[in-house]
Protein chains: 2
Amino acid sequence: MTDSTKSRERGADKRRRLTAAAARVLHQQGVERTTIADIAHAADVPVGNVYYYFKTKDELVQAALAEHSGYLAELTGELDRLPDPLGRLKALVGTWVGQRDVAARYGCPTGTLAVELDKRAEGDMDLEAGRLIRSLLDWVERQFRELGLPDPGGLAIALVGAYQGMSLLANALRDPEIMTREGNRLTRWLDALPDGAAGHPNP
Amino acid sequence: MTDSTKSRERGADKRRRLTAAAARVLHQQGVERTTIADIAHAADVPVGNVYYYFKTKDELVQAALAEHSGYLAELTGELDRLPDPLGRLKALVGTWVGQRDVAARYGCPTGTLAVELDKRAEGDMDLEAGRLIRSLLDWVERQFRELGLPDPGGLAIALVGAYQGMSLLANALRDPEIMTREGNRLTRWLDALPDGAAGHPNP
DNA sequence: GTCTATATCCAGATAGAC
DNA sequence: GTCTATCTGGATATAGAC
């Protein structure tokens, strides 16, 4: 292994650490209140060095978005290994409930990012957050379609919307139990769906 | 009318204008990105004069919260004049759908404020946003209780959560039609509720 | 490639003239 | 009560030494 290879690997490692720290800290503190120094500290990288890897703060936000996108791809990839679509959707709800504590403290990472980026003037990063949410919606819609239910797109909006809503309420009221109770409700709803209750899946 | 009375009225008027402008601009631009100057300009008040009425930016945020709180009280007060609880809830959904364009552009004022204030370190204003949401939840819960439905608190979380979720999705995807479609779904759900479908009101 | 020192900018807040 | 001029702090970003 040459020196330049080692250097490149260390460089890539720092970049990875910065990306992971950005995703974590931006979620916890919010985009506007997080400074480059905060992220550098969390990643254990000297503050001034950050600009070698990311030319602007916006690039760090982009990297955080990509990180969340990768997490979502990983999650749906695992769920896809389950045999039936209904089981996949119920496992998705289970994942949400499993993250109830972080949701109650900081909200859904994707949802809060979308809200914050919508207010941010620069670039069209709000649209990128929209794309991330859209890709979750698409995956959910595919499951409903496989189940042969009518209006799978509408059902996807209902399910993902319920998730965003319960995350926001759990966060605003600082009560993780809201996630548990609403999760149970969603699971019951999913179970009842194929038997013909598809007419009024809401709220 | 004395001079001091006129003065007081003009002063109160400026304060009112600043409060209204704060509620509007903070919703549109977000708390962190909005400067005192932005609010002063929107209220047509000289920038340096703001500090006579509000000693800190936080006080302006508080005033905006109070403004939203007043709006909510006014809305529920009008709805309370409707004869039956089901009609009140359906009218509430209708109000939400009626605001679909502003929701798709800027999100639900209360919800986005709650998300932003949660990230804001200073004070416990996040809890105040929680109280505002809680007061809406309480009013909704009262309607469900009057209808004699089981678990009115859970139903309130489901309905308000659905509203927050559909607002966030409409905003992230910039699509007001999401509000229309989800509103229809909620109305159908409400209509079906008293007839015994109360078992699975979700998502 | 790494890091320090610093330039630049801008928002919040204040002092004090009118 | 009203408004201007200014202070101050903090954050992004850059220049350049190592």
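Sequence lines set the chain letters: A, B, ... in the order given, protein chains first and strands last, and positions in each chain run from 1.
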- [ ] Dump the intermediate steps for side-chain contact (heavy atoms from CB on, under 4.5 Å) on R174(B) and R105(B), then the final yes or no.
- [x] CA-CA 6 Å; R174(B) 287 280 200 290; R105(B) 186 59 197 83; 3.4 Å; yes
Task: Nucleotide nearest P46(B) when distance is taken to its side chain, options dA11(D), dG12(C), dC3(D) - done: dC3(D)
TODO: For residues G130(B) and L173(A), report the shortest heavy-atom separation together with the two atoms involved.
DONE: O-CD2, 3.5 Å
Open item on the list: Using a 6.0 Å distance limit plus a 45 degree cone around the ring axis, check whether R24(A) lies over the aromatic ring of Y106(A).
Closed with: no
Open item on the list: Checking contacts here: which listed nucleotide (dA11(C), dC3(C), dC3(D)) is nearest the side-chain heavy atoms of K14(A)?
Closed with: dC3(C)
Open item on the list: For the helix from dG1(C)-dC18(D) to dC18(C)-dG1(D), what angle separates the axis at the start from the axis at the finish, each from five pairs, in steps of 10°?
Closed with: 10°
- [ ] Could you name each residue pair satisfying ring pair (Phe, Tyr, Trp, His ring centres under 6.0 Å) that touches residues 120-170 of chain B, not counting sequence neighbours?
- [x] W96(B)-Y163(B)
Task: Residues D191(A), L86(A); criterion side-chain contact (heavy atoms from CB on, under 4.5 Å); working and verdict - done: CA-CA 8 Å; D191(A) 271 328; L86(A) 185 62; 4.2 Å; yes
Open item on the list: Restricting to salt bridge (Lys or Arg N to Asp or Glu O under 4.0 Å), what partner residues turn up for E67(B), sequence neighbours left out?
Closed with: none
Open item on the list: So if I define the base as every atom that isn't primed, P, OP1 or OP2, how would nucleotides 13-18 of chain C read as a B/S/- string at a heavy-atom cutoff under 4.0 Å?
Closed with: BB----
Task: Any residue meeting side chain to side chain donor-acceptor pair (under 3.5 Å) with E59(B), in chain and number order, not counting sequence neighbours - done: none
Open item on the list: Please enumerate all residues that pass salt bridge (Lys or Arg N to Asp or Glu O under 4.0 Å) together with E78(A), with sequence neighbours excluded.
Closed with: none
Task: side-chain N/O Y52(A) vs dT2(C) OP1/OP2, d < 4.0 Å - done: no
TODO: Go through dC3(D), dT2(C), dG1(D) for me and flag the one nearest to the N49(B) side chain.
DONE: dC3(D)
Open item on the list: Expressed as a whole number of angstroms, how long is the span from Y53(A):OH to dC3(C):C1'?
Closed with: 11 Å
Task: Integer-rounded Å distance: dT12(D) P and E59(A) CD - done: 14 Å
Task: For atom CZ of R120(B) and atom P of dA11(C), their distance in whole Å - done: 14 Å
TODO: Would you mind reading off the distance between L18(B) atom CG and dG1(D) atom P, rounded to a whole angstrom?
DONE: 14 Å
Task: Value in whole Å for how far the C1' atom of dG10(D) lies from CD of E32(A) - done: 15 Å
Task: Gap between atoms CZ and C1', on R33(B) and dC10(C) respectively (whole Å) - done: 12 Å
Open item on the list: Looking at Y52(A), I'd like to know if the NZ or CZ of R15(A) sits under 6.0 Å from its six-membered ring centre while staying within 45 degrees of the ring's axis.
Closed with: no
